[in-house]
**Student:** 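Below: one structure in structure tokens.
Predicted model, so just to flag it, every value in this text is computed and none were measured.
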Amino acid sequence: MHEKITSVEVFLFERPRDTAYLGAPGTGEVMIGDRYIVRGFNGTVYPLIDRSLVVRLRDASGREGWGETYGLIAPGAVAALIHDLFAPYLMQLAPMRPDQAWDALYALQRNRGYWGGYLADALAALDIALWDLFAQAGGQSLQGALGRAGAGQLAGYVSGLPAPDRRGRIEMAEAWKARGFDAVKIPISHTEAGDVPGEVAALRAALGADHRIAVDMHWAYTADEAVALGAALEADAPWFLEAPVAPEDVATQARVAAGISMPLALGEEWRTDWDYRPRLEARACSIVQPEMGHTGITQFTRIARMAQGAGAQIIPHATIGLGIFASASLRAALAMGAGCHEFQHSIYTRNAELLDGAAPCKDGHFHIDDTPGIGVRPNRAAFDHLTPL
Ligand SMILES: [Mg+2]
């Protein structure tokens, strides 16, 4: 067990990038100031830089635990919740298991209906840092603390082919295949004039029958459109379809899942097992994609157990950030028996340079060590991109 928490620090991680996530701004896409872009295909706002919120806890022994959550939009909201409420409360609590601490912090506002969103993100950052401390104090890796000690490998799928035309995307996919990766996911935004079946058919022809090809539909379809697209893709046997319809709409999600022949994957925007339960009960997905930056380790493991009980596969999501949450996700995924993990090659590898201990992703796999805790620490170069909040 770690000792009593004595300090809670919050940092904003920001790092410019040459090309925005999901590619350069398209015609008709709206910029908000010089920081955000509203994507035309789904109306969602994205930052033009890599950005996340990072926390550092210290306990009475002087040991450090690190955590990370979303900071894409209005990161000050999460920082305010931590400074105003969670940090002072956490520093009063007697040391306890991190899952008990998550429950104690969540209880503070659950009866007001604060069950997710920015509040859950703040909990996720603290929860990752608490598990980091807890595992280190026990002399264990995170996966060891979760009951699966030892190093290991976890398959990674290549996420996105951010080239401006189909020829470039196919060349990129073939290059990853040559480097030992046998799975790829494309977003609907990277197609010629929205021709998703044509894009998948071209990739199938180039990559061969055994390559796994998934399609992220970015919540942009109605149920009927999603089912029709599933039918149009059948000949090219997609690995799975992801997030076809509005994220809150359980009945429509279930309708799509029942209407397509390939697996449906959902979950990157949900925070807790309370979000997953009605979807799993409604058979709205057969693959769950928990995002560590939203769930933290406590909810990630609860979601994984719930999914396994419902017969669903676990293929975690990977968002934009420094990569502390990515390391926690890889280790928790290894412990919970995930089959594969998203590999955000345009983000993960670049920012892994700023961390000591990040798991390399090569030959189609993440190579995960059994070092203590979550296994990563920001290095000196990282602090050029970390601003105390
Ligand atoms: Mg997605």
Side-chain angles (χ1 to χ4, degrees), residues 41-44 70 110 113 115-117 120-121 124 157 159 183 185-189 196-197 200 212-234 236-296 298-319 329 332-333 336-342:
F41 57 88
N42 67 358
T44 300
Y70 276 59
R110 75 182 301 176
W115 304 323
D121 288 354
Y157 74 82
S159 189
K185 182 175 81 186
I186 59 163
I188 53 160
S189 52
V196 178
V200 174
R212 293 178 291 173
I213 304 171
V215 178
D216 189 346
M217 296 168 68
H218 277 300
W219 313 276
Y221 293 75
T222 66
D224 288 344
E225 290 166 349
V227 169
L229 182 59
L233 290 170
E234 252 173 48
D236 289 305
W239 177 23
F240 61 79
L241 304 186
E242 174 177 320
V245 297
E248 311 91 329
D249 192 342
V250 182
T252 300
Q253 288 161 342
R255 218 178 113 202
V256 174
I260 60 175
S261 59
M262 61 289 292
L264 187 61
L266 299 174
E268 68 176 81
E269 66 274 17
W270 305 332
R271 268 73 173 183
T272 71
D273 48 358
W274 290 103
D275 294 323
Y276 280 80
R277 191 162 82 182
R279 276 83 178 185
L280 290 167
E281 286 175 353
R283 301 192 173 283
C285 56
S286 54
I287 295 173
V288 297
Q289 300 173 298
E291 164 49 61
M292 179 61 73
H294 285 326
T295 63
T298 293
Q299 282 298 327
F300 186 102
T301 57
R302 290 178 184 173
I303 290 160
R305 276 193 285 273
M306 183 182 282
Q308 284 162 340
Q313 293 179 63
I314 305 151
I315 304 180
H317 180 256
T319 188
S329 186
M336 303 309 291
C340 196
H341 197 290
E342 184 168 21

**Student:** Should Pro197 and Leu229 count as side-chain neighbours, where that means a heavy-atom distance under 4.5 Å?
**Tutor:** yes
**Student:** How close do Val227 and Gly259 get, heavy atom to heavy atom, and via which atoms?
**Tutor:** CG1-O, 3.5 Å
**Student:** Tell me whether the rings of Tyr70 and His294 are parallel (<30°), tilted (30 to 60°) or perpendicular (>60°).
**Tutor:** parallel
**Student:** I'd like to know if the side chain of Glu291 and the backbone of Trp270 have a donor-acceptor N/O pair within less than 3.5 Å.
**Tutor:**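 It does not hold such a pair.
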**Student:** Got a second to check how far Asp273's CG is from Arg302's CZ, nearest 0.5 Å?
**Tutor:**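 The CZ atom of Arg302 is 6.5 Å from CG of Asp273, to the nearest 0.5 Å.
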**Student:** Indicate yes or no: does Arg271 engage Asp121 in a salt bridge with an N to O separation below 4.0 Å.
**Tutor:**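 Counted as a salt bridge, because a side-chain N and a carboxylate O are separated by less than 4.0 Å.
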**Student:** So which heavy atom on Thr295 is nearest to which on Pro290, and how close?
**Tutor:** CG2-CB, 4.4 Å
**Student:** Give a yes or no on this: more than 12 heavy atoms of other residues, nucleotides or ligands lie within 6.0 Å of atom CZ of Arg283.
**Tutor:**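 Incorrect, the count does not exceed 12.
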**Student:** For the NE2 atom of His218 and the CZ atom of Phe41, what is their distance to the nearest 0.5 Å?
**Tutor:** 4.5 Å
**Student:** Quick check: closest heavy atoms across Cys340 and Pro316, and the distance to 0.1 Å?
**Tutor:**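 Distance-wise, the nearest heavy atoms are O-CD, 3.1 Å.
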**Student:** Considering non-hydrogen atoms only, spot the tightest contact between Val245 and Tyr221 and give its length.
**Tutor:** CG1-O, 3.3 Å
**Student:** Keeping the roles fixed (side chain from Gln308, backbone from Met336), state whether a donor-acceptor pair exists under 3.5 Å.
**Tutor:** yes
**Student:** Do the side chain of Trp115 and the main chain of Arg110 share a donor and acceptor less than 3.5 angstrom apart?
**Tutor:** yes
**Student:** Report the distance from atom CD1 of Ile188 to atom CG of Asn42, rounding to the nearest 0.5 Å.
**Tutor:**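 Spacing of CD1 (Ile188) from CG (Asn42) equals 7.0 Å.
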**Student:** Is the backbone of Ala307 close enough, under 3.5 Å, to the side chain of Tyr276 for a donor and an acceptor to pair up by distance?
**Tutor:** no
**Student:** Is the shortest side-chain heavy-atom distance between Tyr157 and Glu342 below 4.5 Å?
**Tutor:** yes
**Student:** Just how far is it from atom CE of Met217 to atom CD of Glu242, taken to the nearest 0.5 Å?
**Tutor:**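 The CD atom of Glu242 is 10.5 Å from CE of Met217, to the nearest 0.5 Å.
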**Student:** Could you tell me the separation between the NE2 atom of His341 and the OG atom of Ser329, rounded to the nearest 0.5 Å?
**Tutor:**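 With rounding to 0.5 Å, NE2 (His341) is 2.5 Å from OG (Ser329).
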**Student:** Taking side chain as C-beta onward, heavy atoms only, is Ile186 less than 4.5 Å from Val200?
**Tutor:**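 Yes, side chains in contact.
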**Student:** Provide the closest heavy-atom pair for Ala254 versus Ala282 in the form atom of the first, atom of the second, distance.
**Tutor:**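 Nearest heavy atoms, Ala254 then Ala282: CB-O, 3.6 Å.
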**Student:** For a side-chain contact (heavy atoms from CB on, under 4.5 Å) check, start with the C-alpha distance between Leu233 and Leu241, then their side-chain angles and the critical distance, and finish with the verdict.
**Tutor:** CA-CA 10 Å; Leu233 290 170; Leu241 304 186; 3.7 Å; yes
**Student:** Checking side-chain contact (heavy atoms from CB on, under 4.5 Å) between Phe240 and each of Val215, Ile315, Asp216, Leu264, which is the one that passes?
**Tutor:**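 Per the side-chain contact (heavy atoms from CB on, under 4.5 Å) rule, the option paired with Phe240 is Ile315, out of Val215, Ile315, Asp216, Leu264.
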**Student:** Kindly say whether Thr272 contributes a backbone atom to a donor-acceptor pair with the side chain of Asp275 at under 3.5 angstrom?
**Tutor:**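 Checking the backbone N and O of Thr272 against the side chain of Asp275, a donor-acceptor pair under 3.5 Å is found.
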**Student:** Enumerate the side-chain hydrogen bond (donor to acceptor under 3.5 Å, both in side chains) contacts for residues 249-269, please, sequence neighbours excluded, ordered by first and then second residue.
**Tutor:** Trp219-Glu269, Asp224-Arg255, Glu234-Ser261, Asp249-Thr252, Gln253-Arg279, Glu268-His317
**Student:** Could you give the distance from OG1 (Thr298) to CD1 (Ile303), rounded to the nearest 0.5 Å?
**Tutor:**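 Result: 10.5 Å between the selected atoms.
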**Student:** Restricting to non-hydrogen atoms, name the atom on Ala284 and the atom on Leu266 that form the minimum distance, rounded to 0.1 Å.
**Tutor:**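 Reported closest heavy-atom pair: O-CD1, 3.4 Å.
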